[in-house]
Amino acid sequence: TVSNNAVTDNELCTADNQEFYLPQCCFWTDPLMAEASALEELQSELTCPVCLELFSDPVILECGHHFCHVCPKCRKSCVRKPRPNSLLCNVVDSVRRARAVDTAAGITRFDPEYALLKPEEREPGSMTLDPDTAYPCLWVSPCRTSVQVGKIQPDLPNNPERFTRYNIILGSEAFSSGRHYWEVEVGSKTAWGLGVATASVNRKQEISLCPEDGFWTLVLRDNGKGASEYEACTDSEDNLLYPSKPPRRVGVYLDYGRGEVAFYDGGDMSHLFTFCDAKFKEPVFPYFNPWPIINGRNREPLTIVAPRWG
C-alpha cells in the first residue's frame with residue numbers, strides 16, 4: 001500500500017517490494033487543510049487594512065486600495081465616491097476555490113457566513129518604536145510612540161540592532177505576512193522618512209534608502225536650494241512627488257503577500273505613492289527617520305498615531 005505522506009514529482013516509492021515512481025496527479029490533498037486555507041484567504045480579502053475589521057460598505061481610492069465607508073471603530077464616514085474595484089473579484093475567486101472542496105469523509109462544504117464570524121482582532125494604533133535600534137541622537141518618548149532628534153547619548157551600547165550612521169529607528173514588531181496600516185504625524189517637519197525595512201539591512205555602514213538595500217521609503221528632504229521635496233526612493237534615479245498639499249499625517253500600508261508598500265495623506269486618504277511587486281523574503285519592520293535638524297529647523301518629532309476618518 002502506498003503511504004499518504006506527501007512526495008515530490010517522480011519520487012521513488014515502494015509497494016510489495018516493487019519500486020515505482022508516483023506521478024504528480026496521484027498526490028493526496030487534505031480537504032480540511034484546503035478549506036482552512038480558503039477560509040483564511042477570504043477573511044483576509046474582507047478585512048479593512050485601516051480598522052482591521054471586516055469591511056463596512058467598502059470604498060475604493062484612486063490607487064485601487066479599498067477601505068471602510070463607515071469605520072466600525074469610530075463610526076465616521078469616508079466621503080469619497082465609491083468606484084468599481086477588484087475586491088469582489090478576489091472574494092469570488094476565494095469562494096470558488098473553497099466550494100471546490102468536496103464533502104468527502106463527512107466534511108461540510110464551505111460556508112461563507114461562518115467564515116465571517118471570527119475575524120482576527122488587532123487594535124490599530126498599537127505600534128511602538130524599538131529604542132534598541134535608534135541612532136544615538138534619537139530620543140524616544142516613554143510610551144515609545146514618538147521620536148525626535150536631540151543630543152548624542154554617548155553611553156548607549158553599540159548593539160547589533162542599532163543604526164550608527166543615520167537617524168533611523170525601527171518599529172518593535174516585524175511583519176512576515178498579512179496586511180498592515182499605520183499613520184505617523186509629521187506635522188510641519190521640513191524633512192522626514194517613512195516606510196519599511198527588511199530585518200537584515202546594514203545598520204552600521206553607508207546605505208541607500210532604496211529596495212536594492214532593503215528599504216521601501218518615502219522621504220521629504222531639503223533639495224539644497226532652500227526648499228523641501230518629496231521623493232519615493234526607488235531603484236531608479238528620479239521619483240519626485242508633488243502632493244496637492246503637504247500632508248501632516250502620512251499613512252503607510254503594507255501588503256506583505258502581494259509585495260505592496262503604499263503611502264497616503266492621512267488627512268484625506270489621497271494616494272501619494274505605491275511600491276509594487278516587492279519580493280519580500282524575510283520579515284520587514286516599520287521604518288522611521290526624523291531627519292537631522294537643519295539650520296535650526298525640523299525639531300518636531302515623528303509620532304505614531306491611531307488612524308482616523310472624517
Check against ring-ring contact (aromatic ring centres under 6.0 Å, His included), Phe288 and Trp182: CA-CA 12 Å; Phe288 306 84; Trp182 60 95; 7.3 Å; no

Side-chain donor/acceptor of Asp235 to backbone N/O of Glu212, under 3.5 Å: yes

Glu183 side-chain N/O to Gly251 backbone N/O, donor-acceptor pair under 3.5 Å: no

Ring pair (Phe, Tyr, Trp, His ring centres under 6.0 Å) partners for Tyr287, two or more places apart: Phe215

Any donor-acceptor pair under 3.5 Å from Lys189 side chain to Leu302 backbone: no

Flag if over 12 foreign heavy atoms under 6.0 Å of NZ, Lys245: yes

Within 6.0 angstrom of Asn295 CG, more than 12 heavy atoms from elsewhere: no

Qualifying salt bridge (Lys or Arg N to Asp or Glu O under 4.0 Å) pairs with a residue from residues 132-160, counting only residues at least two apart or across chains: none

Distance-only polar pair, side chains of Thr190 and Ser228, donor-acceptor under 3.5 Å: no

Side-chain donor-acceptor contact under 3.5 Å, Thr274 with Glu260: no

Member of Tyr230, Trp216, Phe275 meeting the side chain to side chain contact (heavy atoms under 4.5 Å, CB included) criterion with Phe263: Phe275

Leu138-Val201 co-clustered via ILVMFWY side chain contacts under 4.5 Å: no

Arg162 side chain vs Thr133 backbone, donor-acceptor pair below 3.5 Å: no

Ring pair (Phe, Tyr, Trp, His ring centres under 6.0 Å) partners of Tyr135, counting only residues at least two apart: none

Under 3.5 Å: donor-acceptor pair, side chain of Glu282, backbone of Ser200: yes

